[in-house]
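First up is the structure itself, then whatever we jot down about it.
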Amino acid sequence: VVTYNTLIDACCKLRRIDEAFGLFRSMVIKGLEPNLITFNVVLNGLCREGRMKETSGILDEMSRKGYVPDEVSYNTLINGYCKEGNLHQALFLHAEMVRNGLSPGVVTYTSLIDCMCKAGNLNRAIEFLDQMHVRGLSPNERTYTTLINGFSQQGLLNEAYRVLDEMIGSGFSPSVVTYNALINGHCLLGRIEEATEVLQNMDGKGLTPDVVSYSTIIGGCCRNHDVDRAFQLKKEMDHKGILPDAITYSSIIRGLCEQRRLIDAFDVFREMLYTGLPPDEFTYTTLIDAYCKEGDLNRAFDLHDEMIQKGILPD
RNA sequence: CUAAAUGGGA
């Protein structure tokens with residue numbers, strides 16, 4: 001059963017949920033009883049795909065077999081509904097888990113805080129943080145990072161840094177993710193200089209900027225119509241041995257398209273192919289959109305066909 | 001063996 005659970009989980013994480021279901025069903029055929037973890041893994045697979053409707057069927061199947069959802073099950077579902085933007089259902093499940101005698105833990109609260117942040121309701125996020133303290137729970141590094149990201153996304157950098165201080169004061173070391181959230185906050189305000197400073201200060205904290213750190217700033221430069229600076233940063237990445245990914249490339253392509261530099265954009269696209277990085281749906285959509293806007297429908301259709309041929313489905 | 005946080009398109 002453990003082997004199956006591991007395999008099913010791996011399929012879910014690779015977004016091969018159909019194979020996951022195949023394995024799940026074949027367990028029963030082989031006479032293996034799925035356990036609570038199996039069900040949790042399957043629930044998580046559905047949640048990750050945004051297939052929340054299908055979770056009730058699995059929950060029914062669970063209860064038919066006599067399994068009662070545990071904290072992990074609830075956290076999985078709460079997070080799924082949060083990502084879907086269904087705050088109501090997330091809060092309902094939070095109440096239900098308490099009603100069923102389960103104690104929401106730090107993971108539950110971090111999900112709810114993230115949910116509120118993404119909904120732009122930072123006051124509500126802080127309320128949950130306070131509620132955690134009342135219940136004797138301590139936020140962890142991820143909880144703080146979630147909040148810092150929430151404030152950064154809203155352009156409330158002072159608040160974000162206040163949380164950072166609190167985080168450090170509580171004995172936590174900000175991670176690369178924490179700093180990346182702050183970098184993004186600076187970029188969203190168009191303050192690329194500051195973002196770059198944060199990036200540079202990371203080294204002194206014993207942290208190495210990663211592909212996200214760079215892609216964030218590259219995206220920020222492109223939004224500011226400064227593609228040249230984006231190229232500079234891309235060079236710096238190459239120099240440091242940080243491998244760009246599809247997002248890094250798509251950001252640059254997007255910046256070039258916006259400047260109507262479609263020839264350059266296509267060159268970058270070719271470089272991407274050349275380095276063996278598979279473009280994804282976003283990359284294609286960016287280019288197709290740009291060619292359409294230029295009235296070059298032939299190239300747009302060529303790319304459309306190319307993406308289908310590569311098994312990337314247009315949406 | 002399962003749950004929470006950071007970057008790109010329309």
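Below, read A as the first sequence line, B as the second, and so on, with proteins coming before strands; counting in each chain starts at 1.
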Are N40(A) and D70(A) side-chain neighbours, meaning at least one heavy-atom pair lies under 4.5 Å? yes
rU2(B) P sits how many Å from I8(A) CD1, rounded? 13 Å
Please classify the nucleic acid contact of T110(A) as base, sugar-phosphate, or nothing, using heavy-atom distances under 4.0 Å. base
Can you tell me which nucleotide in rA5(B), rA3(B), rA4(B) comes closest to the side chain of E71(A)? rA3(B)
Side chain of K13(A), heavy atoms from C-beta onward: which of rG8(B), rA5(B), rA3(B) has the nearest atom to it? rA3(B)
Would you indicate, yes or no, if rG8(B) has its OP1 or OP2 atom less than 4.0 angstrom from a side-chain nitrogen or oxygen of K234(A)? no
Of the nucleotides rG8(B), rC1(B), rG9(B), which one has an atom closest to the side chain of T286(A)? rG9(B)
So V176(A), base contact, sugar-phosphate only, or nothing? Heavy-atom distance under 4.0 Å. nothing
Given atom CG of L43(A) and atom P of rU2(B), what is their separation to the nearest angstrom? 15 Å
Does Q153(A) put a side-chain nitrogen or oxygen below 4.0 Å from OP1 or OP2 of rG7(B)? yes
Could you work out which one of rC1(B), rA3(B), rG9(B) sits closest to the side chain of R254(A)? rG9(B)
Going by modelled atom types, is there a donor-acceptor pair between the base of rG9(B) and the side chain of D280(A) at under 3.5 Å? no
Between CE of M97(A) and P of rA3(B) the distance, given in whole Å, is 15 Å
Among rA5(B), rA3(B), rG7(B), the one nearest N44(A) by side-chain distance: rA3(B)
Does K83(A) place a side-chain N or O at less than 4.0 Å from the phosphate oxygens OP1/OP2 of rA5(B)? yes
Proximity to the side chain of E141(A) - top-ranked nucleotide from rA3(B), rU6(B), rA5(B): rA5(B)
Reckon T145(A) touches a base, only the sugar-phosphate, or nothing at all at heavy-atom distances under 4.0 Å? base
Check whether any side-chain heavy atom of F39(A) sits under 4.5 Å from a side-chain heavy atom of K65(A), and report yes or no. yes
Pair of N/O donor and acceptor under 3.5 Å linking rG8(B) base with S250(A) side chain: yes
For the pair K235(A) and D238(A), evaluate salt bridge (charged side-chain N to carboxylate O under 4.0 Å, His left out) and give the outcome as yes or no after the intermediate values. CA-CA 5 Å; K235(A) 278 211 186 82; D238(A) 294 341; over 6 Å; no
Without decimals, in angstroms, what is the distance between E258(A) CD and rG8(B) P? 15 Å
If you draw the axis of the six-membered ring of F92(A), does the NZ or CZ of R99(A) fall within 45° of it and under 6.0 Å from the ring centre? yes
Would you mind classifying the nucleic acid contact of S73(A) as base, sugar-phosphate or nothing, using non-hydrogen atoms under 4.0 angstrom? nothing
S103(A) side chain to E71(A) side chain, donor-acceptor N/O pair below 3.5 angstrom: no
Check: F282(A) main-chain N/O paired with D280(A) side-chain donor or acceptor under 3.5 Å: yes
For a quick check of understanding: with a heavy-atom distance under 4.0 Å over all strands, which category does S215(A) fall into, base, sugar-phosphate or nothing? base
Rounded to the Å, how far apart are L32(A) CG and rC1(B) C1'? 14 Å
If you look at every strand shown and take non-hydrogen atoms under 4.0 Å, does S251(A) touch a base, only sugar-phosphate, or nothing? sugar-phosphate
Check this for me: does the side-chain of D315(A) come within 3.5 Å of the base of rA10(B) through a donor and an acceptor? no
Would you find a donor on one side and an acceptor on the other, under 3.5 Å apart, between the side chain of Y274(A) and the backbone of F269(A)? no
Length of the CG-P vector between N75(A) and rA5(B), whole Å: 11 Å
Of the listed nucleotides rA10(B), rG7(B), rA5(B), the one nearest the side chain of I247(A): rG7(B)
Donor-acceptor pair under 3.5 Å: do we get one between T216(A)'s side chain and the base of rG7(B)? no
Which part of the nucleic acid, if any, lies within contact of T248(A), taking any heavy atom under 4.0 Å across all strands shown: a base, the sugar-phosphate backbone alone, or nothing? base
Across the strands shown, which category fits V212(A) at heavy-atom distances under 4.0 angstrom: base, sugar-phosphate, nothing? base
Would you kindly give the NE2-to-P distance between H186(A) and rU6(B), to the nearest whole Å? 18 Å
Which nucleotide in the list rA5(B), rG7(B), rG9(B) gets nearest to the side chain of D114(A)? rA5(B)
Distance in angstrom units between M237(A) CE and rG7(B) P, rounded: 16 Å
